[in-house]
Amino acid sequence: MKTFLYIIAFLFVGIAGASTVTLTGSCSNLIASNVGRYINFTLSNSGNGPASDMFLTTNLHGLYSYNISTLKTLNPNQEYIFRFPIKNQNVYKGTYGFGVLVSYAQGTQRFSVSFPCLVSYINSTKSLLVTNASTQGSQINVSVANPAPYPLNATVYFINPQGLLNPEMIRMEISKDGAYRFDSVINQSMLSPSETIDIGIITSYIHDNVSYSSLNLISFSSSPNASHTQSPIFYTGILIAAIIIFLILLIIISIIRNMKHQKKVPSG
């Protein structure tokens, strides 16, 4: 019986010891001048396990940057600042959309997360376009309204793990006082059941040699029975549960056999 209890305790310690990675990202929002033009992106890990073999790519429209960076390990309660230089010779003043896609390993499995933000060059600008988004089933419905007294050519793109949305970017021409609507389909097979994620929607345009961008965030929850690939922790939990049930059955069978044996032994 003691051996059984030791085994159970060991298995539960293994479950409790499973580590988690919780990443948070933020970027500098103002590039003050032509001197030292770069974007700082800060990534921190508030989980209790390390993120390893990190691979970062930037998602920019209108700015050209060295868009790949790597980091071997980001430990718990650690942060790291990545610097992405801007290489455009001529950059319009104003605000741009910016996103960082992060791929990392946790144990034997890889995960992807994305972080959207806005950055401004020389000075910030306020977009005239009004973007609204909602979810319906496996779709994101996007509407962009133009209250300006002149037409605008705009680009809408999503900041999300690659392959999650189709399309991930769309260009549009919106007449004055007009609107443009489109849908993007979400690939739920990339999500766990009932998982909730935030998706960044950036709307950008250039007018009179000035850049304008806005950022919207929308939350999407996958269905409880979404098709997906389970993590190794999930299968480990099933295996541990099966072992526990098997050991309990062995104990019960052993107790029953002992009781039957005691009944067969004649008294004093």
Side-chain angles (χ1 to χ4, degrees), residues 25-34 37-39 41 57-65 67 84 86-101 114-187 197-221:
S26 61
C27 63
S28 57
N29 57 11
L30 180 63
I31 305 164
S33 68
N34 284 319
R37 300 183 305 171
Y38 54 82
I39 298 169
F41 176 74
T57 58
T58 57
N59 184 347
L60 302 96
H61 287 262
L63 296 177
Y64 171 67
S65 167
N67 63 348
F84 297 103
I86 295 174
K87 304 304 294 182
N88 301 57
Q89 292 298 320
N90 298 303
V91 181
Y92 294 122
K93 296 180 181 180
T95 301
Y96 295 83
F98 178 68
V100 179
L101 309 181
S114 58
F115 301 98
C117 60
L118 297 176
V119 293
S120 297
Y121 176 62
I122 305 299
N123 59 275
S124 62
T125 55
K126 185 176 180 180
S127 174
L128 293 177
L129 295 178
V130 180
T131 302
N132 290 295
S134 61
T135 59
Q136 182 178 12
S138 295
Q139 291 188 157
I140 295 180
N141 306 318
V142 181
S143 174
V144 183
N146 177 21
Y150 43 79
L152 290 172
N153 292 315
T155 301
V156 173
Y157 53 97
F158 298 95
I159 304 299
N160 56 265
Q162 188 174 8
L164 181 65
L165 291 171
N166 183 30
E168 295 183 333
M169 180 185 72
I170 188 166
R171 292 183 173 88
M172 61 192 68
E173 182 179 352
I174 314 176
S175 60
K176 63 177 183 179
D177 297 321
Y180 191 100
R181 297 175 179 83
F182 71 95
D183 301 327
S184 186
V185 179
I186 300 171
N187 180 8
I197 61 170
D198 290 328
I199 298 172
I201 305 173
I202 292 178
T203 305
S204 296
Y205 66 93
I206 302 292
H207 180 69
D208 286 343
N209 295 329
V210 177
S211 177
Y212 300 83
S213 295
S214 62
L215 170 62
N216 295 68
L217 289 175
I218 187 170
S219 293
F220 174 79
S221 297

Participant: What side-chain donor-acceptor pairs closer than 3.5 Å can you find for residues 144-156, not counting sequence neighbours?
Facilitator:
unit_1 : atom_1 : unit_2 : atom_2 : d
Asn146 : OD1    : Ala148 : N      : 3.0
Asn146 : ND2    : Tyr150 : O      : 3.0
Asn146 : ND2    : Ile174 : O      : 3.4
Asn146 : ND2    : Ser175 : O      : 3.2

Participant: Distance check, rounded to the nearest 0.5 Å: Leu128 atom CG versus Thr203 atom OG1?
Facilitator: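 Going from CG on Leu128 over to OG1 on Thr203, the span is 12.5 Å.
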Participant: Using the test ring-ring contact (aromatic ring centres under 6.0 Å, His included), find all partners of Tyr212 that sit at least two apart in sequence or belong to another chain.
Facilitator: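 Testing Tyr212 for ring-ring contact (aromatic ring centres under 6.0 Å, His included), a comparison that skips the adjacent residues, returns Tyr205.
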Participant: Atom CD1 of Ile86 and atom OH of Tyr38: how far apart are they, to the nearest 0.5 Å?
Facilitator: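 Separation between the atoms: 11.0 Å.
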Participant: Using a cut-off of 6.0 Å, state whether more than 12 heavy atoms not belonging to Gln139 lie near its atom CD.
Facilitator: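 Atom CD in Gln139 is crowded, with more than 12 foreign heavy atoms closer than 6.0 Å.
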Participant: First locate atom CG of Leu217, then atom CG of Asp198, and finally report the distance between them rounded to the nearest 0.5 Å.
Facilitator: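 Going from the CG atom of Leu217 to the CG atom of Asp198 covers 6.0 Å.
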Participant: For Asn141 and Gln136, which heavy atoms make the closest approach, and how far apart are they?
Facilitator: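 Taking every non-hydrogen atom into account, ND2-OE1, 3.3 Å.
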Participant: Over all heavy atoms of both residues, which pair between Cys27 and Val119 is shortest? Give the atoms and the distance, please.
Facilitator: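 Taking Cys27 first and Val119 second, the nearest heavy atoms are SG-CG1, 4.0 Å.
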Participant: At what distance, to the nearest 0.5 angstrom, does OH of Tyr96 lie from OG of Ser211?
Facilitator: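 If I round to the nearest 0.5 Å, the distance is 4.0 Å.
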Participant: Looking at side-chain heavy atoms only, is the closest gap between Phe220 and Ile140 below 4.5 Å?
Facilitator: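 No, side chains not in contact.
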Participant: Checking Tyr180 against Ile170 for the side-chain contact (heavy atoms from CB on, under 4.5 Å) test, could you report, in this order, the C-alpha distance in whole Å, the side-chain angles of both residues, the deciding distance, and whether it holds?
Facilitator: CA-CA 11 Å; Tyr180 191 100; Ile170 188 166; 3.8 Å; yes
Participant: Which distance, rounded to the nearest 0.5 Å, do you find between the CG of Asp183 and the OG1 of Thr135?
Facilitator: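 Taking CG in Asp183 and OG1 in Thr135, the distance rounds to 11.5 Å.
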Participant: Can you name the closest pair of heavy atoms from Tyr157 and Phe98 and give their distance?
Facilitator: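 Here Tyr157 and Phe98 meet closest at OH-N, 4.5 Å.
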Participant: Work out which heavy atom in Thr131 is nearest to a heavy atom in Ser214; give both atom names and the distance.
Facilitator: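 Distance-wise, the nearest heavy atoms are OG1-OG, 4.3 Å.
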Participant: Indicate the atoms forming the closest heavy-atom contact of Gly97 with Ser213, along with that distance.
Facilitator: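 Heavy atoms only, the tightest pair is N-OG, 3.4 Å.
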Participant: Please name the residue in the list Ile202, Leu164, Val142 that meets the side chain to side chain contact (heavy atoms under 4.5 Å, CB included) test with Phe158.
Facilitator: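 Exactly one pass, corresponding to Val142.
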Participant: Could you state the interatomic distance from CD1 (Ile199) to CD1 (Ile186), rounded to the nearest 0.5 Å?
Facilitator: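 Here the rounded value is 4.5 Å.
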Participant: Donor-acceptor pair, distance only, cut-off 3.5 Å: does the side chain of Ser124 make one with the backbone of Thr95?
Facilitator: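 The answer is no, because no donor-acceptor pair under 3.5 Å joins these two groups.
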Participant: Quick one: disulfide bond (SG atoms under 2.5 Å apart) pairs with a partner in residues 146-187, sequence neighbours left out?
Facilitator: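 Sorted pair list comes back empty.
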Participant: What are the two closest heavy atoms between Gly200 and Pro116, and how far apart are they?
Facilitator: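 In this case the closest contact between Gly200 and Pro116 is CA-CG, 4.0 Å.
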